[in-house]
Peer 1: 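A single structure is presented below for examination.
For clarity, every value in this text was computed on a predicted model and none was experimentally measured. Within every chain, numbering begins at 1; the chains are lettered A, B, ... in the order of the sequence lines, protein sequences first and strands thereafter.
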2 protein chains.
Amino acid sequence: MPKQVDHEGRRRQIAEAVCQLADESGLEGVTLRDVAARADVSMGAVQRCFRTKEEMLVFALGHIGERVGARVSARLTASPAQSARTALGHAATEVSLLRDEHRAEARVWLAFVAQAAVSPPLAEILRSNYTGLQTVFTRLISEASDTEDPERAARTLLALADGLTTHVLIGHLSPATALDVLDGHLRHLWNQKAP
Amino acid sequence: MPKQVDHEGRRRQIAEAVCQLADESGLEGVTLRDVAARADVSMGAVQRCFRTKEEMLVFALGHIGERVGARVSARLTASPAQSARTALGHAATEVSLLRDEHRAEARVWLAFVAQAAVSPPLAEILRSNYTGLQTVFTRLISEASDTEDPERAARTLLALADGLTTHVLIGHLSPATALDVLDGHLRHLWNQKAP
DNA sequence: GCCGAAGTGATGCAGGTGCATCGGAAAAGG
DNA sequence: CCTTTTCCGATGCACCTGCATCACTTCGGC
């Protein structure tokens with residue numbers, strides 16, 4: 001048999017390059033040539049890994065979705081002793097991508113969300129990600145409080161987290177202010193039925 | 001003096017075309033040629049109204065910002081007799097662009113937000129819009145309830161509204177669900193200190 | 001009535017895009 | 001060592017992009 005190559009590894013390497021470029025100049029700054037150069041492979045290699053550009057973008061989106069999801073899970077399993085309340089706080093903070101080191105991820109996320117509004121395949125990936133997060137949030141909320149409608153609370157929290165990310169990215173809020181808003185919301189969530 | 005033309009009117013006409021195209025295929029689908037064709041003017045006319053493409057986009061963003069702001073103001077002044085609470089509810093619903101007839105505006109808004117993350121001039125426009133909205137929300141909230149921190153509540157509401165818009169656009173939430181979430185949040189806002 | 005300036009729109013241009021193609025390099029089996 | 005099969009990477013090809021150019025139309029003032 002002839003030369004064998006780690007396809008999955010190369011795909012991830014390319015996805016990483018896509019994210020870097022999207023962070024720097026938006027999704028429309030992502031061209032096959034630039035991606036190949038950034039990933040230190042030839043353009044032909046990129047085209048063999050992904051039949052089309054859209055396929056590449058879809059994979060890259062799934063890639064960062066997995067990364068965020070993994071971080072959330074890590075936060076949850078790493079602190080099983082703490083209360084579900086602090087766990088939810090950590091998870092929400094993680095999803096909001098408010099920390100400076102995740103600003104790049106946030107920009108990439110926003111670029112993909114905008115593209116997803118006019119690209120069904122991308123929207124499909126995002127939907128499954130959000131559904132997963134909402135499930136986790138719902139579970140945590142019903143464990144941590146006696147809110148009457150945990151699902152609605154989870155939807156609220158998820159939307160708030162995304163809105164805060166957006167507002168930080170365009171410079172309307174500072175990361176610290178966004179964190180303060182998130183904390184305040186969580187506090188009200190706990191107090192609303194158990195004063 | 002030679003031929004005179006309504007420049008401002010034509011600019012608005014072009015901005016309208018930009019919004020239509022951005023709604024259909026995202027901001028990267030907005031080319032000078034397509035804009036000219038959609039606005040029923042020649043490409044030269046577009047280039048005379050706006051020195052560069054970015055200048056055109058900035059104007060278009062300001063245009064839809066004004067439209068949303070005008071709708072919010074209209075809602076507020078049209079119902080002065082009602083309580084500040086219902087006024088805030090109407091304003092928040094308006095900002096969320098949840099009604100079907102505003103779906104196009106929402107897609108355009110999202111496209112611009114994503115672009116603003118890598119384009120300072122666009123971000124500047126968005127920031128001033130959000131600052132204005134936040135001021136209005138803060139005033140309404142402090143009038144309508146005795147919340148200890150009206151500014152934080154306003155920031156929360158604004159971020160929640162944007163997050164809901166996003167989630168509806170990518171199909172994670174239905175408009176009705178989003179409205180339900182928004183209503184629930186407003187109800188909790190009133191109850192939190194006056195049970 | 002016509003003159004000249006303001007506004008118009010077709011065309012040109014250099015650069016960049018995604019995708020297809022094809023000669024050749026690399027690795028297993030004989 | 002050589003063949004053969006798989007993969008690689010450079011190049012080519014239409015096409016489209018934003019922007020600049022320039023002959024032309026149009027209209028107010030004399």
Peer 1: Between P on C:dG18 and CG on A:Leu21, what's the gap in Å once rounded to a whole number?
Peer 2: 11 Å
Peer 1: Ignoring hydrogens and geometry beyond distance, is a side-chain donor-acceptor pair present between A:Thr177 and A:Ser174 at under 3.5 Å?
Peer 2: yes
Peer 1: Can you see if the side chain of B:Thr52 gets near the phosphate of D:dG18 - specifically, an N or O under 4.0 Å from OP1 or OP2?
Peer 2: no
Peer 1: Specify the separation, in whole Å, of atom CZ of B:Arg51 and atom C1' of D:dG18.
Peer 2: 16 Å
Peer 1: Could you work out which one of D:dA10, C:dT8, C:dC19 sits closest to the side chain of B:Ser42?
Peer 2: C:dT8
Peer 1: Nearest whole Å is fine: how far is C:dG9 P from B:Phe50 CZ?
Peer 2: 15 Å
Peer 1: Give a yes or no on whether a donor-acceptor pair under 3.5 Å exists between the nucleobase atoms of C:dG16, that is its base, and the side chain of A:Arg33.
Peer 2: no
Peer 1: With the side chain of A:Gln47 defined as its heavy atoms from C-beta on, choose the nearest nucleotide among D:dG9, C:dT8, C:dC19.
Peer 2: C:dC19
Peer 1: Tell me the interatomic distance from B:His7, atom NE2, to C:dG7, atom C1', rounded to whole angstroms.
Peer 2: 7 Å
Peer 1: Donor-acceptor check, side chain of B:Arg85 to backbone of B:Ala144, threshold 3.5 angstrom: yes or no?
Peer 2: yes
Peer 1: How long is the line joining CG of A:Leu32 and P of D:dC15, in whole Å?
Peer 2: 19 Å
Peer 1: What is the separation between atom CD1 on A:Ile14 and atom P on D:dG9, rounded to the nearest whole Å?
Peer 2: 10 Å
Peer 1: Between B:Thr31 and D:dC16, is there a contact of a side-chain N or O with OP1 or OP2 at under 4.0 Å?
Peer 2: no
Peer 1: Determine the minimum heavy-atom distance between A:Gly65 and A:Asn129, stating which atoms define it.
Peer 2: CA-ND2, 3.4 Å
Peer 1: At under 4.0 Å between heavy atoms, what does A:Val30 touch on the DNA or RNA strands: base, sugar-phosphate, or nothing?
Peer 2: sugar-phosphate
Peer 1: With distance as the sole criterion, do the side chain of A:Arg48 and the base of D:dG9 form a donor-acceptor contact below 3.5 Å?
Peer 2: yes
Peer 1: Among D:dA20, D:dG9, C:dT8, which nucleotide has an atom closest to any side-chain atom of B:Met43?
Peer 2: D:dA20
Peer 1: Can you work out whether A:Gly44 or A:Gly29 has the more 5'-proximal nearest nucleotide on DNA chain C?
Peer 2: A:Gly29
Peer 1: Just how far, in rounded Å, is P of D:dC16 from NZ of B:Lys53?
Peer 2: 15 Å
Peer 1: Taking any heavy-atom pair under 4.0 Å as a contact, classify B:Arg10: base, sugar-phosphate, or nothing.
Peer 2: sugar-phosphate
Peer 1: Between CZ of B:Arg33 and CE of B:Met43, what distance do you get to the nearest 0.5 Å?
Peer 2: 4.5 Å
Peer 1: May I have the distance from A:Asp34 (atom CG) to C:dG15 (atom P), rounded to whole angstrom?
Peer 2: 16 Å
Peer 1: Write down the atom of B:Thr165, the atom of B:Ser96, and the distance for their closest heavy-atom approach.
Peer 2: OG1-O, 2.6 Å
